[in-house]
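We name chains A, B, ... by the order of the sequence lines, and we start the count at 1 in each one. Given the structure is predicted, the values throughout are model-derived calculations rather than measurements.
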Protein chains: 2
Amino acid sequence: MALDHAILVSLLEQPGSGYELARRFERSIGYFWTATHQQIYRVLKRMESDGWIDVREVPQQGRPDKREYSVAAPGRAALSAWLHEPIEPESVRHDLAVKIRGAAFDDPAALIREVERYREVHAERLAHYLAGEVRDFTGPEAPRAPGPPDAGRELQHVVLRGGIAYERMTLTWLDDVLATLHGLAPER
Amino acid sequence: MALDHAILVSLLEQPGSGYELARRFERSIGYFWTATHQQIYRVLKRMESDGWIDVREVPQQGRPDKREYSVAAPGRAALSAWLHEPIEPESVRHDLAVKIRGAAFDDPAALIREVERYREVHAERLAHYLAGEVRDFTGPEAPRAPGPPDAGRELQHVVLRGGIAYERMTLTWLDDVLATLHGLAPER
DNA sequence: CTTGTCTATGCAACGAGTTGCATAGAAAGA
DNA sequence: TCTTTCTATGCAACTCGTTGCATAGACAAG
């Protein structure tokens, strides 16, 4: 039930509408927490009626008005309480691992194409992360001289580094998978 | 909807009861697909009534009887069809990443303890994987001389190697996270 | 001028996943 | 002896997540 908290964090980083949140969940946040716009609107509605977040109607020109949400004190308190709870173990759902083990009862070679396509997706994701790292975390860094390090920035960066490490590991493993699949069907 | 297929693969590797499947989902399979016994019993019931799997009542002594399932032809066909579908992108839910970014609005240092505990869990999991690798995938390997390589064995091994790579990457990243958190609160 | 895309929000229905509880006999340990 | 643990299956209620559809104005491309 941490979608609530993911949304709160995102709204603390930057207030926004349900639509804007949905786009963030397609981009940055979506790489460690997926959610559709339906889920987001439903949770926003519930958190609003619970007083966790405030709304502000923002009229716009050339496009529909939007409802911009920001975190209220009770929402911040709820987030803080959650942050102090033990970390839940990740829930994992890897279709690919199931398919690889299933391929033993079908045609292993038939998986090769799909794994190659899947590898492409991860290669693009890594490129995207690396571009984001260059864009957001290099350059005007004010290494340490005046003031404290920007905690938010540092923490966002370490999460991004996690994403990068994950994609690199995945690409290496997928090469291993491809070599294994080829090894099982050398003649074709 | 791949729980069906994860169960089919597991039953093809080794027929078993709902209870036995539930334990497999706590051990090996559970590291890339989580499921509770409730989910498993429900899916087994549905697959049985759809004719995907066969049941055999196995009387036992000293413990309750069990219903041992094995995959029937329609189940195998359904699995095969699924194997030829495109691979779904993984759905990810990393509480920890949310918490790290949330810590910017709370006390980053308070996370350190939890991350250390979390690191322990992953270190144990890695040790467990490595022990399994030694147990199941070294020794009497018949390197290539007579007959074809055992596809099932090779494919199980490459999935396990993926788990090992994931845990190693995670441990390295968690060290990075801890260093970052310490860097944000040097004085304590 | 029509089709498609983008912003923006939402309902309704369904399917997947979780939590709490229940039963019940056997064996092991306090 | 009593409690706990293990095997084994299941119901009921609930929450979470997904899919399909709907609205509606602005703008761009064909």
Could you tell me how far apart [X] ([atom1]) and [N] ([atom2]) are, to the nearest whole angstrom?
| X | N | atom1 | atom2 | answer |
| --- | --- | --- | --- | --- |
| B:L21 | D:dA8 | CG | P | 12 Å |
| B:E57 | D:dT7 | CD | P | 19 Å |
| A:R46 | C:dG10 | CZ | C1' | 17 Å |
| A:K66 | C:dT7 | NZ | C1' | 10 Å |
| B:M47 | C:dG15 | CE | P | 17 Å |
| A:L3 | C:dG17 | CG | P | 16 Å |
| B:I40 | D:dT9 | CD1 | P | 11 Å |
| A:K45 | D:dT15 | NZ | P | 18 Å |

Sidechain N-carboxylate O distance under 4.0 Å for [X], [Y]:
| X | Y | answer |
| --- | --- | --- |
| A:R117 | A:E120 | no |
| B:R76 | A:D106 | no |
| B:K99 | B:E114 | no |
| B:R161 | B:E133 | no |

With a 4.0 Å limit, can you tell me whether [X] has a side-chain N or O closer than that to the phosphate oxygens OP1/OP2 of [N]?
| X | N | result |
| --- | --- | --- |
| B:Y19 | D:dT9 | no |
| A:Q60 | C:dA8 | yes |
| B:Y41 | D:dT9 | yes |
| B:Q39 | C:dA16 | no |
| B:R93 | D:dG17 | yes |

Please write out each protein N/O paired with an N/O of nucleotides 19-22 of chain C under 3.5 Å, distance rounded to 0.1 Å.
unit_1: C:dG20; atom_1: O6; unit_2: B:Q38; atom_2: NE2; d: 3.4

May I ask you to check whether A:R67 and A:S17 show a side-chain donor-acceptor distance below 3.5 Å?
no
Here the residues of residues 9-18 of chain A within 4.0 Å heavy-atom distance, strictly under, of DNA chain C are A:S17, A:G18
ring-ring contact (aromatic ring centres under 6.0 Å, His included) pairs touching residues 85-127 of chain B, sequence neighbours excluded, are B:Y118-B:H122
Here the ring-ring contact (aromatic ring centres under 6.0 Å, His included) pairs for residues 56-78 of chain B, sequence neighbours left out, are none
Salt bridge (Lys or Arg N to Asp or Glu O under 4.0 Å) filter on A:E26, not counting sequence neighbours, yields none
Test salt bridge (charged side-chain N to carboxylate O under 4.0 Å, His left out) applied to A:R153 and A:D136, step by step:
CA-CA 9 Å; A:R153 186 185 164 90; A:D136 298 334; over 6 Å; no
Quick check with a 6.0 Å cut-off and a 45 degree axis cone: is A:R93 positioned over the face of B:W33's six-membered ring? yes
If you restrict it to nitrogen or oxygen atoms, what contacts under 3.5 Å exist between nucleotides 23-26 of chain C and the protein, and what is each distance?
unit_1: C:dA26; atom_1: O4'; unit_2: B:G62; atom_2: O; d: 3.4

**Message:** Parallel, tilted or perpendicular, judged at 30° and 60°: which one describes the rings of B:H5 and B:W82?
**Reply:** parallel
B:Y31 ring center within less than 6.0 Å of B:Y129 ring center | yes
